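Scroll down for the structure; my scribbles are underneath it.
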Amino acid sequence: MNRQKRVAAIHDISCFGRCSLTVALPIISAAGIECSVIPTALLSTHTGGIDGYTFLDLTDEIMPIVRHWQSLNLGFDAVYTGYLGSFKQLDIVSQVFELIGQGKALKIVDPVMADNGVLYKSFPENFPEGMRGLCSKADIIIPNITEAVLMLNEPYMEGPYSVTYIESLLKKLSEIGAGKVVLTGVHFDQKQLGTATYDRDTGKIGYSFAEWIEGYYHGTGDVFGSAFVAAYLKGFPLDEASAEAVRYTVGSIARTKAAGTDIRFGVDFESGLGELAARLVR
Ligand code: PXL
């Protein structure tokens with residue numbers, strides 16, 4: 001038997017607005033990877049700049065789904081978590097890490113909770129502490145700079161950053177537990193934006209940058225995370241997987257900017273799926 005790689009993506013479903021599962025599913029699938037899902041909540045839209053959204057909590061469904069999967073003895077190569085809405089979900093997901101794929105699946109945590117120096121308004125102030133706990137159980141974490149400093153209990157600083165600062169963040173983040181860190185939102189000037197990667201086992205630090213496009217485009221963290229997961233599982237080394245994801249995300253932002261659509265409604269990642277698949281499937 002030669003089964004495809006299989007990922008379990010644990011995020012909410014925001015029915016409109018292109019983030020979390022509506023982004024993870026198509027991007028990971030486009031790379032030829034089977035993407036199973038555990039929806040943590042059902043919302044009419046995401047919560048970023050849109051009021052009046054509906055919200056149905058699905059926390060109590062998570063364990064029954066996982067137990068059923070266990071009874072089927074399914075193999076999983078990775079678990080990829082994103083937006084998690086409560087301490088209870090953090091706790092359940094950390095238990096799920098020990099169950100899915102018999103605890104052997106790669107654990108990739110995107111500690112989605114903040115950006116631009118502020119915690120999303122749906123989270124209590126001590127949420128970063130809980131998220132740090134989940135990150136301590138991960139193999140790879142993919143925070144942005146705001147999420148990184150909140151978990152490290154350090155003040156947020158506006159960029160541009162120094163190499164020394166970024167590399168000290170990488171090392172402190174890896175001390176939380178995950179041996180591999182992908183830090184997003186890294187910039188050393190106002191022209192380019194990208195990521196820094198760190199592999200504690202090899203000590204290797206990598207960078208990848210692309211042209212900085214002004215504006216806060218919603219869902220880009222999930223586009224990046226999903227493309228990173230896809231590339232990494234296709235066998236790209238950590239820094240190259242991150243570079244592929246940067247390239248794809250920036251392409252999606254550039255198309256959206258050119259189209260001039262509402263930046264709250266997510267980015268046009270769909271038109272780049274063909275090219276992404278061609279680059280990743282080798
Ligand atoms: O893109 C992250 C995200 C995912 N899911 C929901 C969100 C957000 C960010 O605001 O509100 C529901």
Side-chain angles (χ1 to χ4, degrees), residues 7-28 35 37-59 61-62 79-90 92-93 108-125 127-128 130-131 134-135 138 141-148 150-151 156 182-185 193 195 213 215-230 245-246 248-250 252-253 256 261-270 272:
V7 175
I10 309 181
H11 307 239
D12 67 278
I13 296 190
S14 293
C15 298
F16 176 81
R18 292 187 285 197
C19 66
S20 42
L21 281 185
T22 64
V23 162
L25 253 176
I27 293 176
I28 292 170
C35 185
V37 300
I38 302 184
T40 54
L42 177 71
L43 297 88
S44 52
T45 67
H46 60 70
T47 66
I50 305 179
D51 292 327
Y53 51 84
T54 68
F55 179 88
L56 175 69
D57 183 54
L58 296 174
T59 305
E61 288 298 306
I62 299 176
V79 185
Y80 164 40
T81 73
Y83 185 96
L84 297 170
S86 63
F87 285 99
K88 189 170 173 199
Q89 283 193 352
L90 293 175
I92 291 176
V93 168
I108 305 174
V109 173
D110 184 349
V112 178
M113 59 184 170
D115 207 357
N116 293 315
V118 283
L119 197 62
Y120 295 147
K121 59 177 188 286
S122 48
F123 293 113
E125 222 174 284
F127 198 73
M131 190 55 98
L134 187 67
C135 285
I141 58 171
I142 42 182
N144 61 34
I145 292 199
T146 306
E147 291 154 351
L150 284 172
M151 289 195 293
Y156 175 74
V182 180
L183 182 62
T184 63
L193 185 63
T195 63
I213 304 171
Y216 177 72
Y217 287 85
H218 196 89
T220 51
D222 297 335
V223 171
F224 172 83
S226 303
F228 167 78
V229 167
V246 166
Y248 176 62
T249 307
V250 170
S252 302
I253 296 171
T256 311
T261 47
D262 192 322
I263 59 172
R264 295 173 304 163
F265 296 171
V267 291
D268 175 5
F269 70 89
E270 296 92 340

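Counting starts at 1 for both ligands and their atoms, following the listed order. Because the structure is a prediction, the values reported are computed rather than measured.
- Expressed to the nearest 0.5 Å, how far CG of D110 lies from CE of M131 amounts to 8.0 Å.
- Taking 4.5 Å as the limit, some side-chain heavy atom of M113 sits within range of a side-chain heavy atom of L119.
- The closest protein non-hydrogen atom to atom 10 (O) of ligand 1 is H218 CE1, 3.4 Å.
- In this structure, atom 5 (N) of ligand 1 lies nearest to the protein heavy atom D12 OD1, 2.7 Å.
- The single protein non-hydrogen atom nearest to atom 8 (C) of ligand 1 is Y83 CD1, 3.7 Å, given as residue, atom name and distance.
- Panel note: side chain S44, backbone Y53; no donor-acceptor pair is recorded below 3.5 Å.
- Inter-residue side-chain proximity for Y80 and I28 is flagged as met; some heavy-atom pair is nearer than 4.5 Å.
- Between F228 and I142, some side-chain heavy-atom pair lies under the 4.5 Å cut-off.
- Regarding atom 1 (O) of ligand 1, its nearest protein heavy-atom neighbour is D222 OD2, 2.7 Å.
- Atoms of ligand 1 found under 4.0 Å from any heavy atom of C19, numbered from 1 in the order shown, are 1 (O), 4 (C), 5 (N).
- Heavy-atom distances between H11 and ligand 1 stay at or above 4.0 Å for every pair.
- Which parts of ligand 1 touch V112 is read off a 4.0 Å heavy-atom cut-off, strictly below it: atoms 2 (C).
- Side-chain atoms of C135 and I141, non-hydrogen and from C-beta on, do get closer than 4.5 Å to each other.
- Under a 4.0 angstrom heavy-atom cut-off, S14 registers as being in contact with ligand 1.
- Counting only heavy atoms of the protein, atom 11 (O) of ligand 1 lies nearest to T47 OG1, 2.6 Å.
- For the pair F224/T195, a side-chain contact is recorded, criterion being any heavy-atom separation below 4.5 Å from C-beta on.
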